[in-house]
> 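This is the structure I want to talk about, given as structure tokens.
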Amino acid sequence: MAKLPILEFPDERLRTKAAPVETVDDEVRQLVDDMLETMYDAPGIGLAASQVDAHRRVIVIDVSDDQSAPLVLINPEYTPLDDEREPMQEGCLSIPEYYAEVPRALRVGLKALGRDGQPYELEAEGLLAHCIQHEYDHLEGVLFVDYLSPLKRDRVMKKMQKRHRAAQPA
Ligand code: GNR
Ligand code: NI
């Protein structure tokens with residue numbers, strides 16, 4: 001397994017729309033395993049392939065407290081199960097040290113392929129439901145700051161530019 005570098009906002013590669021996986025082969029399983037290692041190391045509760053510059057429809061999630069419940073979502077599709085949207089504080093490994101409330105469906109129905117290539121379905125609520133929607137957005141090139149006001153998004157942009165300048169002194 002290998003830890004992969006995570007792209008950071010406003011890197012334009014995060015805006016790439018991910019392509020469906022045609023076959024869950026060794027290469028895809030390797031990507032899944034590397035993504036799990038990267039997510040656990042970060043640490044985060046989810047990671048989309050887009051964030052590690054692999055533009056395929058692959059997501060890993062683990063919302064457990066002890067890294068005991070890895071979920072693999074390949075070619076995921078979800079449907080909101082409520083009309084209501086519930087705000088929840090979100091963060092993103094591609095936008096470090098920034099948190100904001102994002103309204104999302106409280107419950108979703110999910111269909112995806114697992115690491116074994118077999119289709120499965122589940123219903124999720126709360127944090128897991130939010131996380132599924134956040135990760136799915138990454139596959140579409142959407143980031144949670146896109147839901148904020150232009151003023152707030154501008155502030156995040158400046159903060160990240162400052163962070164990247166600090167990381168590469170002239
Ligand atoms: O680690 C993460 N925490 C989180 C908290 C609330 C809603 C979504 C998330 S996902 C995030 C990791 C990440 O950036 N995934 O793309
Ligand atoms: Ni994210």
Side-chain angles (χ1 to χ4, degrees), residues 1-21 28 31-78 80-82 84-110 112 115 122-148 152-153 155-157 159-161 163-164 167:
M1 298 225 280
K3 211 188 113 188
L4 306 168
I6 297 176
L7 300 178
E8 291 190 0
F9 177 73
D11 195 310
E12 278 303 311
R13 289 171 290 179
L14 287 167
R15 299 305 187 176
T16 313
K17 187 175 154 81
V21 169
V28 172
L31 174 63
V32 164
D33 293 346
D34 290 347
M35 284 172 60
L36 281 166
E37 183 176 346
T38 306
M39 174 183 74
Y40 286 137
D41 182 80
I45 60 167
L47 187 72
S50 322
Q51 293 176 276
V52 293
D53 205 18
H55 302 283
R56 335 272 297 267
R57 301 187 83 81
V58 177
I59 289 168
V60 295
I61 294 177
D62 190 338
V63 295
S64 73
D65 292 332
D66 54 357
Q67 310 193 339
S68 62
L71 262 179
V72 176
L73 291 65
I74 297 170
N75 298 343
E77 293 298 341
Y78 76 86
L81 299 176
D82 327 85
E84 233 181 293
R85 295 294 175 269
E86 175 102 343
M88 189 181 279
Q89 181 111 314
E90 296 197 8
C92 181
L93 295 171
S94 297
I95 313 170
E97 294 164 46
Y98 183 79
Y99 305 88
E101 298 233 308
V102 183
R104 299 195 192 267
L106 196 57
R107 296 187 311 129
V108 298
L110 169 74
R115 191 183 178 284
L122 60 80
E123 282 188 24
E125 61 179 348
L127 183 60
L128 179 57
H130 267 258
C131 192
I132 288 169
Q133 294 167 80
H134 174 114
E135 303 311 338
Y136 187 91
D137 273 355
H138 276 300
L139 303 183
E140 295 294 309
V142 173
L143 300 171
F144 83 93
V145 291
D146 298 346
Y147 299 107
L148 306 178
K152 282 189 183 167
R153 197 163 50 245
R155 263 191 229 137
V156 182
M157 180 82 84
K159 185 180 161 170
M160 291 300 293
Q161 282 165 346
R163 174 188 162 91
H164 292 140

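Read the numbers this way: they start at 1 and go in the same order the structure lists the ligands and their atoms.
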> Counting only heavy atoms, which portion of Gln51 has something under 4.0 Å from ligand 1: side chain, backbone, both, or neither?
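The part of Gln51 near ligand 1 is the side chain, not the backbone.
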> Tell me: protein heavy atom nearest atom 7 (C) of ligand 1, and distance?
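The closest heavy atom on the protein side is Glu90 CG, 3.5 Å.
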> If I apply the N/O under 3.5 Å rule, does Leu127 come out as touching ligand 1?
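Min N/O separation from ligand 1 is not below 3.5 Å for Leu127.
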> For atom 3 (N) of ligand 1, which protein heavy atom lies nearest, and how many Å away is it?
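Of the protein heavy atoms, Ile45 CG1, 3.3 Å lies nearest.
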> Give yes if a backbone or side-chain nitrogen or oxygen of His134 is under 3.5 Å from a nitrogen or oxygen of ligand 1, and no if not.
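Right, the criterion is met.
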> Could you tell me whether Arg57 sits above the aromatic face of Tyr136, with NZ or CZ closer than 6.0 angstrom to the six-membered ring centre and within 45 degrees of the axis?
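Cation-pi check for Arg57 and Tyr136: passes.
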> Which residue and atom name correspond to the protein heavy atom nearest atom 10 (S) of ligand 1, and how close is it?
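So the nearest neighbour among protein heavy atoms is Glu135 OE2, 3.5 Å.
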> Quick test of your reading of the structure: of Gly91, Pro43, Gly46, whose heavy atom lies closest to atom 9 (C) of ligand 1?
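The option holding the nearest heavy atom is Gly91.
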> Under a 4.0 angstrom heavy-atom cut-off, which atoms of ligand 1 come close to Gly44?
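Answer for ligand 1: 1 (O).
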> Whether the side chain of Asp146 engages the backbone of Leu143 through a donor-acceptor N/O pair (distance < 3.5 Å, no angle test) should be reported.
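Side chain of Asp146 to backbone of Leu143, a donor-acceptor pair under 3.5 Å: yes, one is there.
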> Report the name of the N/O/S atom of His138 located nearest to the Ni ion (ligand 2).
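Relative to the Ni ion (ligand 2), the closest nitrogen, oxygen or sulfur of His138 carries the name NE2.
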> Checking the side chain of Gln51 only, and the main-chain atoms of Ile6 only, is there a donor and an acceptor separated by less than 3.5 Å?
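The answer is no, because no donor-acceptor pair under 3.5 Å joins these two groups.
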> Could you check which N/O/S atom of His134 is closest to the Ni ion (ligand 2)?
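Looking at His134, the N, O or S atom with the least distance to the Ni ion (ligand 2) is NE2.
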> Does atom CG (Asp65) have a neighbourhood of more than 12 heavy atoms from anything else shown, all under 6.0 Å?
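Atom CG in Asp65 is not packed in, count stays at 12 or less.
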> Measuring from Met39:CE to Ile61:CD1, what's the distance to the nearest 0.5 Å?
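Between Met39 CE and Ile61 CD1, I get 8.5 Å after rounding to 0.5 Å.
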> Look only at the side chain of Ser94 and the backbone of Phe9, and say whether a donor-acceptor pair between them is shorter than 3.5 Å.
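It does not hold such a pair.
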> Considering both backbone and side-chain atoms of Cys92, is one of its nitrogen or oxygen atoms within less than 3.5 Å of a nitrogen or oxygen in ligand 1?
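In this structure, Cys92 places no N or O atom under 3.5 Å from an N or O of ligand 1.
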> Okay, side chain of Asp82, backbone of Ala105: is any donor-acceptor separation there less than 3.5 Å?
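No: the side chain of Asp82 does not pair with the backbone of Ala105.
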> Does the side chain of Met160 reach to within under 4.5 Å of the side chain of Val145, using non-hydrogen atoms?
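Side-chain contact under 4.5 Å: no.
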> Distance to 0.1 Å, residue and atom name: give those for the protein heavy atom nearest to atom 14 (O) of ligand 1.
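Ranked first by proximity to atom 14 (O) of ligand 1 is Leu93 N, 2.8 Å.
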> Is there a donor-acceptor pair closer than 3.5 Å between any side-chain N or O of Glu37 and the backbone N or O of Asp33?
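Judged by distance alone, no pair lies under 3.5 Å.
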> Just jot down the ligand 1 atoms closer than 4.0 angstrom to any heavy atom of Gln89, in number order.
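With Gln89 as reference, the close atoms of ligand 1 come out as 6 (C).
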> Please determine if His138 has a nitrogen or oxygen closer than 3.5 Å to a nitrogen or oxygen of ligand 1.
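Yes - when backbone and side-chain N and O of His138 are compared with those of ligand 1, one distance drops under 3.5 Å.
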